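Naming convention: chains lettered A, B, ... in sequence-line order (proteins, then strands); numbering from 1 in each chain. The figures that follow rest on heavy atoms only: side chains count, while hydrogens, waters and symmetry mates do not. Since this is a predicted model, take the numbers as computed values, not measurements.
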Amino acid sequence: MTILIDQHSVVLVQGITGRIGSWHAKLMREYGTNVVAGVTPGKGGASVADIPVYDTVREATEHFPINVSIIFAPPSRVKEAACEAIDASIPIVVSVTEHVPVFDALYLRDYARERGCTVIGPNTVGLISPGQCKVGIMPGAFYRPGKVGLISRSGTLTHETAIQLSARNVGQSTCIGIGGDSVNGTDYADLLELFRRDDGTDCVIMVGEIGGWLEQRAAETIDRSKYPKPVYAFLAGRRAPHGRRMGHAGALVSDADASIETKERLLREAGVNVFQTIEDLTASVAEYMRVGKS
Amino acid sequence: MQLLEHEGKALLAEHGIKVPTSHIARSTDAVAAAAADLGLPIMLKAQVPSGRRGKHGGIALAKSIDEAHLAANRILGSRLGDDSVAALLVEQAVDIDKEFYLSVYFDRRRQALVVIASNAGGMEVEELSGTDDVIVDAISLLRARQPHEFQDFCRRLGVRGPTLLGISDVLSKLVTLALSRDAVLAEINPLAVTKHGDVIALDAKITIDESSYYRQSHWMPPARDDATSSASERAAKAVGISYVPLDGEVAIVANGTGLALNMMDLLAQQGSSAANFMDVGPVDRPDKIQRALELCLEQERVLGLCINLYGGATDCRMVAEAILKTLQSARRKSLPRVVRMCGHGEEEGWALLENAGVAVVRGGSTEEAVRKIIAQVGART
């Protein structure tokens with residue numbers, strides 16, 4: 001089993017007639033994703049690789065029971081495109097684009113939450129339930145079906161972890177990129193809850209990095225809920241050059257960005273198995289999946 | 001981008017927030033002219049991005065023309081932090097009765113826009129952290145706040161009457177400013193209330209979200225040469241490569257931030273060190289690879305090169321061709337190098353590189369690539 005997407009998902013591609021949108025629409029379809037339609041305002045009536053294109057999202061939903069939309073649009077149009085999908089009652093919206101303005105991403109996050117919609121991203125590779133459905137830009141060949149959940153802020157480290165798991169014959173239930181920006185429509189805590197309830201997921205891997213507060217929030221959630229499945233974590237960037245402080249106000253409202261060591265400590269205290277390399281982490285996960293599940 | 005104080009104050013004024021009457025001066029003559037126009041006493045404030053100007057002598061009060069001359073001579077051209085002082089903001093001094101702190105700020109921890117206020121304005125903000133004197137509230141972007149909501153918030157400062165109205169009005173305007181200008185930080189410290197009851201912003205620290213330049217650049221000052229970044233970094237940024245030179249011995253090229261960070265960590269763990277951080281982003285053109293490699297090879301002390309790429313939209317074969325082309329014409333032909341690639345076109349890419357004598361990690365892991373380059377560098381030294 002999986003969370004959020006599976007072989008029954010009905011997928012819309014917004015921005016399908018652009019170079020990137022059309023390329024990935026085809027790749028998703030080749031993977032086996034049920035891409036039923038695309039939207040590019042003004043290009044209604046066209047088609048991309050036999051996928052019909054509509055002018056508006058609502059129009060597309062009049063023809064197909066769409067329940068996931070993935071958006072390929074320039075930063076200036078992401079907020080509008082995503083709100084359009086949310087207004088058309090599409091429950092899951094995936095935003096791939098990088099450099100969406102902070103206030104647009106924040107607006108979108110609040111707008112989605114108010115309407116009970118799940119936004120993945122912005123600045124995400126997307127998500128994949130291997131063998132069933134891919135809504136994103138990750139090379140499908142890196143992933144294989146199985147029972148390990150994966151949540152990551154970094155797209156490339158999602159691939160890295162999946163490749164290493166797959167090489168150890170450990171498959172994945174669903175892998176989600178929550179995005180590398182300072183605003184995340186959905187975070188670790190939200191997805192950990194979904195994985196908790198999924199019978200098809202035996203353990204969860206978190207891949208994080210420097211900056212922000214998501215790993216700390218995840219630690220709180222795991223601790224508070226006495227999370228019943230093993231959680232593994234790897235955090236990148238302990239050697240990163242320090243960024244600039246966000247003015248004086250940053251000192252008032254939040255502490256200066258916590259170090260990797262602090263994040264790791266909080267995760268460990270919550271019972272998470274923290275590793276210094278993906279190699280060590282995946283070896284441990286493989287061991288658990290092989291012998292330790294009882 | 002962080003605006004200088006005078007730029008921030010211009011923005012405040014455009015949004016109806018009072019600031020002191022002032023002139024910008026870039027010479028001592030200009031300071032004298034400003035003083036003559038504004039009347040004494042005046043404040044002279046160095047216009048540099050670095051914080052804590054007061055503590056480092058960047059701010060002076062002048063009660064006479066002589067004092068103004070002395071201060072201007074001392075501060076203009078001096079170094080404050082990473083910057084050299086090229087301009088002074090000369091302002092009419094204000095008769096301060098009380099000082100407050102106000103800001104509108106994108107709080108990454110809450111992932112929300114917050115308003116912050118304190119009646120201990122004028123102090124170093126770090127000293128206020130966690131005390132009862134600071135009030136905070138989150139602002140929804142979905143609907144506008146009404147005046148009475150700002151007033152009820154500011155009441156918690158213990159102010160009332162005209163002062164309450166004055167301060168909450170400034171806060172309301174600051175929120176409007178932040179949202180319309182994509183200011184992820186808009187801070188006034190201190191916001192002064194004068195003996196006559198005027199509410200005036202004595203400082204402005206405003207930072208504009210870089211991602212919003214496409215819709216804000218029409219009013220923004222031109223990009224300043226950031227004193228902390230080099231010409232190489234700026235050139236890299238111009239072609240979509242995120243690059244930061246560091247002190248280490250192995251140059252890295254990765255097409256993802258997480259991947260690059262991971263490589264840096266692994267190098268350090270194994271007793272080596274990264275010569276740079278580099279995220280080339282989507283490799284949609286061969287010249288991006290070329291540029292990336294040229295940046296790496298610029299640094300003389302580089303002892304090895306590790307390239308780590310996932311071929312998603314990128315075609316590994318195209319990347320392999322670009323790598324070979326650049327290395328063949330580069331100066332340091334014998335530099336140890338390892339390429340790890342996986343994804344579309346990987347088989348062809350690997351074959352091309354191996355046939356040209358480049359060490360390749362076929363899929364594998366980043367750990368493997370790092371071990372390999374360290375071994376190669378070690379064998380050389």
Could you report the tightest heavy-atom contact between T277(A) and E367(B), atom names first, then the distance?
CB-OE2, 3.6 Å
Of the backbone (N, CA, C, O) and the side chain (C-beta and beyond), which part of T156(A) lies under 4.5 Å from a heavy atom of chain B, both, or neither?
both
Sort D181(A) into side chain, backbone, both or neither according to what part of it lies under 4.5 angstrom from a heavy atom of chain B.
backbone
Selection from G211(A), G155(A), P75(A) maximising heavy-atom pairs under 4.5 Å formed with chain B:
G211(A)
Can you check whether L261(B)'s main-chain N or O pairs, donor with acceptor, with E209(A)'s side chain at less than 3.5 Å?
no
Which atoms of E114(A) approach chain B - backbone, side chain, both or neither, heavy atom under 4.5 Å
side chain
For L113(B), is it the side chain, the backbone, both or neither that has a heavy atom under 4.5 Å from a heavy atom of chain A?
both
A186(B) portion near chain A, given a 4.5 angstrom heavy-atom threshold
neither
Non-hydrogen atoms of chain A under 4.5 Å away: do they reach the side chain of L179(B), the backbone, both or neither?
both
For the interface with chain B, which of T282(A), T158(A), L106(A), L214(A) has the highest count of heavy-atom pairs at distances below 4.5 Å?
L106(A)
What part of E279(A) is in contact with chain B, defined as an atom under 4.5 angstrom from a non-hydrogen atom: side chain, backbone, both or neither?
both
Check this for me: R77(A), atom CZ, are more than 12 non-hydrogen atoms of other residues, nucleotides or ligands nearer than 6.0 Å?
no
Out of A236(A), G212(A), S182(A), which one racks up the most heavy-atom pairs below 4.5 Å with chain B?
S182(A)
Side chain, backbone, both or neither: which part of V207(A) has a non-hydrogen atom closer than 4.5 Å to chain B?
neither
For chain B, find which of D104(A), V100(A), V102(A) contributes the most heavy-atom pairs closer than 4.5 angstrom.
V102(A)
L259(B) versus chain A, heavy atoms under 4.5 Å apart: side chain, backbone, both or neither?
both
Check the side chains of E160(A) and N262(B) for a donor-acceptor pair under 3.5 angstrom, ignoring hydrogens and angles.
no
Given the options I260(A), I278(A), D187(A), N184(A), which has more heavy-atom pairs under 4.5 Å with chain B than any of the others?
N184(A)
Measuring heavy-atom distances to chain A, does D265(B) have an atom under 4.5 Å in its side chain, in its backbone, in both, or in neither?
both
Which region of A254(B), side chain (C-beta onward) or backbone (N, CA, C, O), has a non-hydrogen atom less than 4.5 Å from a non-hydrogen atom of chain A, or is it both or neither?
neither
Side-chain heavy atoms of Y310(B) within contact of P139(A), under 4.5 Å:
no
Taken to the nearest 0.5 Å, the spacing of F103(A) CZ from S211(B) OG works out to 11.0 Å
